[in-house]
Novice: 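Take a look at the following structure, please.
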Amino acid sequence: MIRYLLKRLGLSLALSAATTTVNAQDRLDGEADWSIAIHGGAGTIERDRITPEKDAEIRTALNAALTIGSDILRNGGTAMDAVTATIVSLENNPNFNAGKGAVFTWDKTNELDSSIMDGSDLSAGAVAGINGTKNPILLARAVKDKSPHVMLSGEGANQFSREQGLEQVSPDYYATPYRLKQIDDLRAKKVSAADVDYKFGTVGAVAMDRQGHMAAGTSTGGMTGKRWGRIGDSPVIGAGTYADNRSCAISATGSGEYFIRLGVAHEICARIRMRFPEAIKEAQRAVPKDADGNDTYVVHASEFMSSDSEIQQIADDVIAELGELGGDGGIIYATPWGQVGYSFNTAGMYRGRATSEREPSVAIYGDEE
Ligand code: ASP
């Protein structure tokens with residue numbers, strides 16, 4: 001297992017008798033050089049609720065976004081750039097609840113949330129309750145890259161966006177007839193945001209690049225009819241988005257309050273990271289010491305490859321707990337071993353994935369691969 005790590009680090013290091021010396025050229029079976037997964041929201045997405053035209057439109061949009069991200073990764077670009085560009089493409093597509101096509105608040109405004117995280121150094125940026133910026137994911141990225149903060153909100157975040165020179169749009173840019181009808185219906189019925197299934201369409205992406213770095217990002221308009229400055233999980237690092245080179249990258253979608261309470265994105269990453277405590281201790285004991293007697297290297301869980309089924313089980317367990325609490329939705333994941341996948345407890349989830357080892361595929365309904 002330690003071979004995996006050494007290859008990933010490009011190291012050739014003799015550890016204990018139990019481990020093997022490898023060089024950077026070694027290739028491990030089943031390991032992808034790059035990988036990406038995307039989502040466009042989860043919910044009551046069933047065949048009889050979606051017209052063939054809409055089905056085709058969604059698949060085209062998912063394929064286009066996947067191609068943008070895959071091209072960046074194939075050409076040696078970073079996971080951060082792939083995630084950013086993929087989400088920009090989904091934000092610009094009015095079929096999704098992010099950027100153009102975002103849902104309306106009770107007051108018929110748009111308050112957008114977004115976040116992004118770099119698994120190589122755990123740096124992150126997030127914005128909540130913003131408007132005016134064409135692409136909220138670019139603002140989240142600017143918070144990460146250009147400010148000393150992790151999360152900005154409301155008018156202050158809007159001001160930061162203008163100062164950073166990000167593209168601004170008028171308040172009616174985000175509106176689509178479909179979203180306007182949703183808020184009008186909801187207001188006419190006088191029900192709350194949580195009572196209606198109007199929340200599909202949040203977008204997200206997770207990726208691993210050729211350097212083995214992980215990234216995750218999420219962007220949303222939140223829940224139709226939200227009030228009082230409600231903020232969901234999408235901009236909350238650890239709830240809707242998390243990336244850590246040692247374990248995984250996650251982007252979530254669904255009933256945000258539950259994802260926040262469980263800390264879903266971090267919970268999945270933490271369970272993967274903590275999978276090998278005994279093996280880590282043993283490997284750590286075999287690490288050579290420096291002149292002062294300190295370990296020359298810190299071993300961590302990503303060095304011990306988890307199987308596809310183990311990763312899927314961890315994701316499914318956390319989504320099952322979400323369901324027990326009363327939450328619905330799902331996540332996409334990418335691991336440092338090149339695995340990408342999904343877990344959701346809703347009828348469907350707009351989703352897609354591609355790796356250096358596997359053809360791109362997109363899916364909508366729960367019974368698709
Ligand atoms: N998670 C988002 C929120 O609660 C909504 C969604 O994913 O559909 O704001």
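Just follow the structure's listing: the first ligand is 1, and inside any ligand the first atom is 1. Numbers for residues simply follow the sequence, beginning at 1.
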Novice: So if I count the atoms of ligand 1 from 1 in the order they appear, which ones are less than 4.0 Å from some heavy atom of G222?
Specialist: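 Here the atoms of ligand 1 in question are 9 (O).
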Novice: Answer yes or no: is there an ion pair linking R230 with E257, defined by an N-O contact shorter than 4.0 Å?
Specialist: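 Salt bridge present between R230 and E257.
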Novice: Show which atoms of ligand 1 fall inside a sub-4.0 Å distance from at least one heavy-atom site of D233.
Specialist: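 Contacts of ligand 1 toward D233, numbered from 1: 1 (N), 2 (C), 3 (C), 4 (O).
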Novice: With a 4.0 Å cut-off on heavy atoms, does G254 reach ligand 1?
Specialist: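 G254 counts as a contact of ligand 1 under the 4.0 Å cut-off.
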Novice: Taking 4.0 angstrom as the limit, do E282 and R285 come out as a salt bridge?
Specialist: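 Judged by the 4.0 Å cut-off on N to carboxylate O distance, E282 and R285 do not form a salt bridge.
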Novice: Taking 4.0 angstrom as the limit and counting only heavy atoms of S234, give me the atoms of ligand 1 inside it, by number and element.
Specialist: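 Listed by number with element, the hits are 1 (N), 2 (C).
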Novice: Return yes if a side-chain donor-acceptor contact under 3.5 Å exists between Y242 and E267, otherwise no.
Specialist: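 No, because no side-chain N or O of Y242 sits under 3.5 Å from a partner of the opposite role on E267.
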Novice: Taking all heavy atoms of S251 and all of H39, pick out the closest pair and write down the distance.
Specialist: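 Closest pair (atom of S251, atom of H39, distance): OG-NE2, 2.9 Å.
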Novice: Would you check the N or O atoms of T253, main chain and side chain alike, for any that come under 3.5 Å of an N or O of ligand 1?
Specialist: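 The answer is yes, given that T253 and ligand 1 share an N or O pair closer than 3.5 Å.
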Novice: Do any N/O atoms on A252 end up under 3.5 angstrom from N/O atoms on ligand 1?
Specialist: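 A252 vs ligand 1: no N/O contact under 3.5 Å.
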Novice: For ligand 1, which is the ligand I care about here, please tell me if E257 has any N or O atom under 3.5 Å from one of the ligand's N or O atoms.
Specialist: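 No, there is no polar N/O contact under 3.5 Å.
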Novice: Considering R230, E111, K226, H39, which one's heavy-atom position lies nearest to atom 3 (C) of ligand 1?
Specialist: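 Result: the heavy atom closest to atom 3 (C) of ligand 1 is in R230.
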Novice: Can you check whether G256 has an N/O within less than 3.5 Å of an N/O in ligand 1?
Specialist: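 There is such a contact, yes.
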Novice: N/O of T202 under 3.5 Å from N/O of ligand 1, yes or no?
Specialist: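 Yes, since at least one N or O of T202 sits under 3.5 Å from an N or O of ligand 1.
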Novice: Are any of the side-chain nitrogens in R141 or D81 under 4.0 Å away from the carboxylate oxygens of its partner?
Specialist: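 Yes.
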Novice: Which atoms form the tightest heavy-atom contact between V83 and G217, and what is the distance?
Specialist: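 Between these two residues, the closest heavy atoms are CG1-N, 3.5 Å.
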Novice: Do the side chains of K181 and D184 get close enough for a salt bridge, i.e. N-O under 4.0 angstrom?
Specialist: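 Salt bridge between K181 and D184, a charged N being under 4.0 Å from a carboxylate O: no.
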